[in-house]
Amino acid sequence: MQIIEAFSASKINNHALNEDGIFYNDAYVAVIDGVTNKASHSIWRPSPGVFTKNVLLDALRTMPSTFTATNAYHYLNQVLAKQYPNLNYFTKNAKQRLQANAIIYSAYHQEVWFMGDCHCLIDNTYHQNVKKIDNLLSEVRSFVFAADTIDNTITRDNDIGRNAIWPFLQLEANLANTDNEFGYLVLDGLGNCPDKIKVLDATHAHSIILASDGYPILKDSLVQTEATLSELKNTDPLLIHTYKSTKGFNSKQQSFDDRTYLKFEI
């Protein structure tokens, strides 16, 4: 494998607070996306997302190269579970858990594994793993902006849609790793639903791009992908039209989310 482009940036231009991470060795290529904290307080420093990302990056360094997707899923969850000082507390308090999404390429199995909502391009064919709950809340956020424009006070820094869906974003963690209609897979140390892992065969792939959802649209190069992100920022800064999201751009951040792009050839 040959790494062609690798880039990761924090939404607030502070690398120490970047909840995204990149990993590659002879066995695996991966992007980790630590979940943004939605609790009123947290014991994890500097943030739950950063802490989780760092734990998983360390775990990948020692993960056996022949692991299947299911093996890897259980292994990474076990590593996270060991971080909890009181497992019973975190079982009952979903918002306080360590949580991350991951997308991993296995050189041994020649597969791409989706453990969450990261996405990829395999020889220019796009693949995603969208959460139903995110689609729903993105639509609700867009609705709020559409319905509440009469006072003309809407700006990038007055995200009335985000404020409206915030209570539901906090509840979302209760559905992690469940069979509920709105349930979803996330690495959190407690999940046990390997059947939700999405596995793609990449046996004949030449070029693969793995990315976090900080890049809504993937292109064949980092320059093109960044240009598309910039265009989106100019044309739909609130992210309620072209690309509907649970949050938008604001003046205090470099982008609407941490973003990671990793291109390699086999």
Side-chain angles (χ1 to χ4, degrees), residues 7-22 31-39 46-50 52-53 99-103 116-121 126 128-146 148-149 153-170 172-173 184 186 209-219 221-262:
F7 176 77
S8 186
S10 166
K11 60 180 175 287
I12 58 174
N13 201 28
N14 182 341
H15 183 69
L17 297 180
N18 187 1
E19 295 175 328
D20 282 6
I22 287 173
V31 166
I32 306 296
D33 179 2
V35 175
T36 301
N37 180 38
K38 298 179 180 67
S47 76
V50 173
T52 311
K53 172 201 70 175
Q99 297 181 77
N101 301 293
I103 186 166
D117 60 2
C118 294
H119 52 167
C120 71
L121 281 175
Y126 181 63
Q128 61 181 336
N129 195 36
V130 179
K131 292 155 56 179
K132 184 173 182 177
I133 185 62
D134 281 351
N135 282 341
L136 173 64
L137 295 182
S138 296
E139 291 287 349
V140 172
R141 178 171 171 270
S142 295
F143 159 76
V144 171
F145 277 109
D148 194 15
T149 58
T153 60
I154 292 174
T155 68
R156 290 188 189 182
D157 299 324
N158 179 27
D159 196 334
I160 58 174
R162 178 78 172 181
N163 294 339
I165 66 172
W166 182 250
F168 303 109
L169 289 170
Q170 292 183 301
E172 181 180 308
Y184 58 93
V186 68
I209 296 167
L210 308 180
S212 67
D213 59 358
Y215 284 116
I217 302 168
L218 298 182
K219 297 293 184 179
S221 71
L222 177 61
V223 169
Q224 291 174 309
T225 303
E226 280 282 328
T228 303
L229 183 66
S230 295
E231 181 181 358
L232 189 61
K233 185 176 182 179
N234 290 329
T235 60
D236 185 19
L238 295 172
L239 297 182
I240 56 174
H241 298 300
T242 307
Y243 173 82
K244 296 179 181 180
S245 174
T246 58
K247 54 190 170 184
F249 295 91
N250 66 56
S251 63
K252 299 175 183 178
Q253 298 180 343
Q254 299 295 309
S255 191
F256 74 99
D257 200 357
D258 302 329
R259 63 196 193 275
T260 298
Y261 182 99
L262 179 55

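Nothing here was measured: the structure is a model prediction, and the numbers come from that model.
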Nearest 0.5 Å, what's the [atom1]-[atom2] distance between [X] and [Y]?
{"X": "Asp134", "Y": "Ser245", "atom1": "CG", "atom2": "OG", "answer": "8.0 Å"}
{"X": "Gln254", "Y": "Leu229", "atom1": "CD", "atom2": "CG", "answer": "11.0 Å"}
{"X": "Tyr261", "Y": "Leu222", "atom1": "OH", "atom2": "CG", "answer": "6.5 Å"}
{"X": "Leu218", "Y": "Leu121", "atom1": "CG", "atom2": "CG", "answer": "5.0 Å"}
{"X": "Asn13", "Y": "Leu17", "atom1": "CG", "atom2": "CG", "answer": "10.5 Å"}
{"X": "Ile103", "Y": "Thr260", "atom1": "CD1", "atom2": "OG1", "answer": "12.0 Å"}

Sequence neighbours left out, what passes side chain to side chain donor-acceptor pair (under 3.5 Å) with [X]? Give chain and number order.
{"X": "Asp117", "value": "Asn101"}
{"X": "Glu172", "value": "Lys131"}
{"X": "Glu19", "value": "Thr36, Ser47"}
{"X": "Asn18", "value": "Ser8"}

To check you understand the geometry: which heavy-atom pair defines the closest contact between [X] and [Y], and what is its length?
{"X": "Gly214", "Y": "Pro216", "result": "O-CD, 3.4 Å"}
{"X": "Ala16", "Y": "Pro46", "result": "O-CG, 3.9 Å"}
{"X": "Leu262", "Y": "Ile22", "result": "CD2-CG2, 3.8 Å"}

Q) Do the side chains of Thr225 and Thr228 get nearer than 4.5 Å, heavy atoms only? A) no

Q | Side chains of Tyr184 and Ile133 in contact at under 4.5 Å (non-hydrogen atoms) | A | yes

(Q) Closer than 3.5 angstrom, by distance alone: can the side chain of Asp236 be matched with the main-chain N or O of Ile240 as a donor-acceptor pair? (A) yes

Q. For atom CZ of Phe143, is the number of surrounding heavy atoms from other residues, nucleotides or ligands below 6.0 Å larger than 12?
A. no

With sequence neighbours excluded, tell me which residues meet side-chain contact (heavy atoms from CB on, under 4.5 Å) with [X].
{"X": "Gln253", "value": "Lys11, Ile12, Asn250"}
{"X": "Ala164", "value": "Val144"}
{"X": "Gln224", "value": "Lys219, Asp220, Ser221"}

Q | Test ring-ring contact (aromatic ring centres under 6.0 Å, His included) applied to Tyr126 - qualifying residues, sequence neighbours left out | A | His119

(Q) Test of understanding: with ring-ring contact (aromatic ring centres under 6.0 Å, His included), list the residues that count as partners of Phe256, not counting sequence neighbours. (A) Phe249

**Q.** CA sep, side-chain torsions, deciding dist, call: Leu232, Leu239, side chain to side chain contact (heavy atoms under 4.5 Å, CB included)
**A.** CA-CA 8 Å; Leu232 189 61; Leu239 297 182; 3.7 Å; yes

Q: Sequence neighbours left out, what passes salt bridge (charged side-chain N to carboxylate O under 4.0 Å, His left out) with Asp257? Give chain and number order.
A: Lys247

Q.
Could you work out, with salt bridge (charged side-chain N to carboxylate O under 4.0 Å, His left out) as the rule, every residue matching Glu139, not counting sequence neighbours?
A. Lys244

Q. Between Leu169 and Arg162, does a side chain to side chain contact (heavy atoms under 4.5 Å, CB included) hold up when you go through it step by step?
A. CA-CA 9 Å; Leu169 289 170; Arg162 178 78 172 181; 3.4 Å; yes

Q: Tell me, with the steps shown, if Ile209 and Cys120 meet side chain to side chain contact (heavy atoms under 4.5 Å, CB included).
A: CA-CA 5 Å; Ile209 296 167; Cys120 71; 5.9 Å; no

(Q) If you apply the rule side chain to side chain contact (heavy atoms under 4.5 Å, CB included), what do you find for Asp213 with Gln128, and how did you get there? (A) CA-CA 10 Å; Asp213 59 358; Gln128 61 181 336; over 6 Å; no

(Q) What I want to check is whether the side chains of Ser212 and Asp33 have a donor and an acceptor closer together than 3.5 Å. (A) no

